[in-house]
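Side chains included, hydrogens not; waters and symmetry mates left out as well; all remaining heavy atoms used. Just so it is clear, the model here is predicted, and its values are computed rather than measured. For ligands, and for the atoms within them, numbers begin at 1 and follow the listed sequence.
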Amino acid sequence: MTVDNPTASPVSVHFRAAQSHDGAALWRLAQATGTLEVNSAYFYLLFATDFARTCLIAEHEGRLVGMLIGYQPPNEPRTAFVWQVGVLPEHQGQGLGLRLLQHWLDLPALSACEFVTATVADDNPASQALFRRLARSHGVACEERPHFTADMFPHEHPPEPLFRVGPIPRGALMPH
Ligand SMILES: CC(C)(COP(=O)(O)OP(=O)(O)OC[C@H]1O[C@@H](n2cnc3c(N)ncnc32)[C@H](O)[C@@H]1OP(=O)(O)O)[C@@H](O)C(=O)NCCC(=O)NCCS
């Protein structure tokens with residue numbers, strides 16, 4: 001299956017798997033996005049350590065400009081779950097979010113994953129557009145169904161439906 005060409009980000013960006021020492025910078029980036037729910041710094045240290053193989057860093061001129069924190073759900077070996085994806089505000093809207101997803105799927109730890117899932121809050125159009133765009137790029141479906149409903153949260157929170165993109169043919173040429 002062919003994939004169409006994503007918008008190319010005009011800046012040169014280096015992508016790599018996360019390392020333990022990235023935890024603090026991931027926490028700062030989550031804050032800088034202005035939209036993400038910022039978890040404790042410990043949480044980012046933990047992900048950058050125990051889930052480093054499924055977390056991606058994007059750097060421009062040595063500075064962290066984007067991140068994708070994810071994991072493989074233990075009961076779904078063919079699925080890669082996006083927990084948080086974020087791009088610095090000044091780099092948003094230039095194709096970097098899509099490139100993060102593509103490079104993330106290229107990580108060896110995710111090579112068997114044909115589905116990408118994420119919960120996307122109803123009030124986050126950029127995130128909705130990103131996952132729908134990923135699906136379009138591969139000519140596959142983006143299923144959207146209720147998942148974490150508002151009543152499941154301990155405080156006021158918009159619903160977080162589940163987006164499920166796939167099946168993405170692995171080994172296909174990925175747009176970067
Ligand atoms: C969501 C996010 C990662 C997308 O990254 P990005 O680099 O801006 O996205 P891209 O440039 O690759 O664009 C991907 C799609 O999103 C759309 N998009 C980007 N910003 C948008 C916005 N503010 N509103 C609506 N759509 C938007 C693009 O138009 C594109 O869709 P299209 O191809 O149908 O036109 C980025 O906006 C971000 O960091 N937001 C704050 C953090 C966040 O909310 N993360 C998601 C929840 S975990």
Side-chain angles (χ1 to χ4, degrees), residues 2-15 18 22-23 25-41 43-44 46-48 51 54-61 63-73 79-107 110 115-148 150 152-153 157-166 168 174-176:
T2 56
V3 287
D4 60 3
N5 231 350
T7 314
S9 179
V11 294
S12 69
V13 177
H14 173 64
F15 297 90
D22 293 313
L26 290 174
W27 179 77
R28 284 193 204 96
L29 182 76
Q31 288 188 314
T33 63
T35 311
L36 286 175
E37 276 185 39
V38 182
N39 293 267
S40 72
F43 211 100
Y44 294 90
L46 196 67
F47 258 88
F51 296 88
T54 56
C55 291
L56 191 75
I57 297 283
E59 291 170 322
H60 171 58
E61 295 176 348
R63 178 173 174 238
L64 184 65
V65 293
M67 67 173 189
L68 198 162
I69 301 176
Y71 64 88
Q72 272 181 285
T79 296
F81 179 78
V82 178
W83 176 59
Q84 284 193 324
V85 54
V87 170
L88 279 185
E90 60 266 38
H91 290 272
Q92 290 177 9
Q94 299 165 38
L96 184 51
L98 185 63
R99 291 175 72 198
L100 272 164
L101 279 168
Q102 304 291 18
H103 281 269
W104 180 65
L105 283 169
D106 278 351
L107 290 173
L110 300 177
F115 291 92
V116 172
T117 55
T119 70
V120 180
D122 282 354
D123 62 355
N124 194 337
S127 191
Q128 291 169 338
L130 176 63
F131 290 102
R132 290 172 186 153
R133 176 73 164 104
L134 176 69
R136 276 207 316 282
S137 297
H138 290 279
V140 298
C142 179
E143 283 176 27
E144 301 172 22
R145 57 172 185 252
H147 191 62
F148 296 135
M152 294 169 78
F153 287 89
H157 196 289
E160 292 261 358
L162 187 77
F163 281 44
R164 186 169 188 259
V165 175
I168 296 173
M174 305 286 261
H176 289 149

**Q.** 4.0 Å heavy-atom contact, Arg136 with ligand 1
**A.**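 Under 4.0 Å: yes for Arg136.
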
N or O contact, [X] vs ligand 1, cut-off under 3.5 Å:
X      : answer
Leu36  : no
Arg133 : yes
His91  : no

Q: Between Ser137, Ser127, Gly93, Ala126, flag the one that comes closest to atom 18 (N) of ligand 1 by a heavy atom.
A: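 Closest candidate by heavy-atom distance is Ala126.
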
Q) Just going by heavy-atom distances, which of Leu134, Leu130, Val85 is nearest to atom 4 (C) of ligand 1? A)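 Going through Leu134, Leu130, Val85 one by one, Leu130 has the nearest heavy atom to atom 4 (C) of ligand 1.
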
Q | For ligand 1, the portion of Leu98 having any non-hydrogen atom under 4.0 Å away | A |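 It is both backbone and side chain that touch ligand 1.
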
Q: State which residue, out of Thr79, Leu110, Leu105, fulfils the side-chain contact (heavy atoms from CB on, under 4.5 Å) condition with Val116.
A: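 So the option named by the test is Leu105.
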
Q: May I ask you to decide if Glu37's main-chain N or O and Gln84's side chain share a donor-acceptor pair within less than 3.5 Å?
A: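 Yes, the answer is positive, given that a donor and an acceptor are paired below the 3.5 Å cut-off.
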
Q.
Is it the case that the side chain of Trp27 and the backbone of Ser40 share a donor-acceptor pair, with hydrogens and angles ignored and the cut-off at 3.5 Å?
A.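 A pair under 3.5 Å: no.
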
Q. Can you tell if the side chain of Arg145 reaches within under 4.5 Å of the side chain of Arg164, non-hydrogen atoms only?
A.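 Yes, side chains in contact.
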
Q | Side chain proximity check, Glu144 to Pro161, heavy atoms < 4.5 angstrom | A |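 No - every pair of side-chain heavy atoms lies 4.5 Å or more apart.
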
(Q) Over 60° means perpendicular and under 30° means parallel, so tell me whether Phe153 and Phe148 are parallel, tilted or perpendicular. (A)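 Perpendicular.
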
(Q) Classify the ring geometry of Trp83 against Phe47: parallel below 30°, tilted from 30° to 60°, perpendicular beyond 60°. (A)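 Parallel: the ring planes of Trp83 and Phe47 meet at under 30°.
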
So if I count the atoms of ligand 1 from 1 in the order they appear, which ones are less than 4.0 Å from some heavy atom of [X]?
X      : value
Asn124 : 43 (C), 44 (O), 46 (C), 47 (C)
Gln84  : 48 (S)
Gly86  : 39 (O)

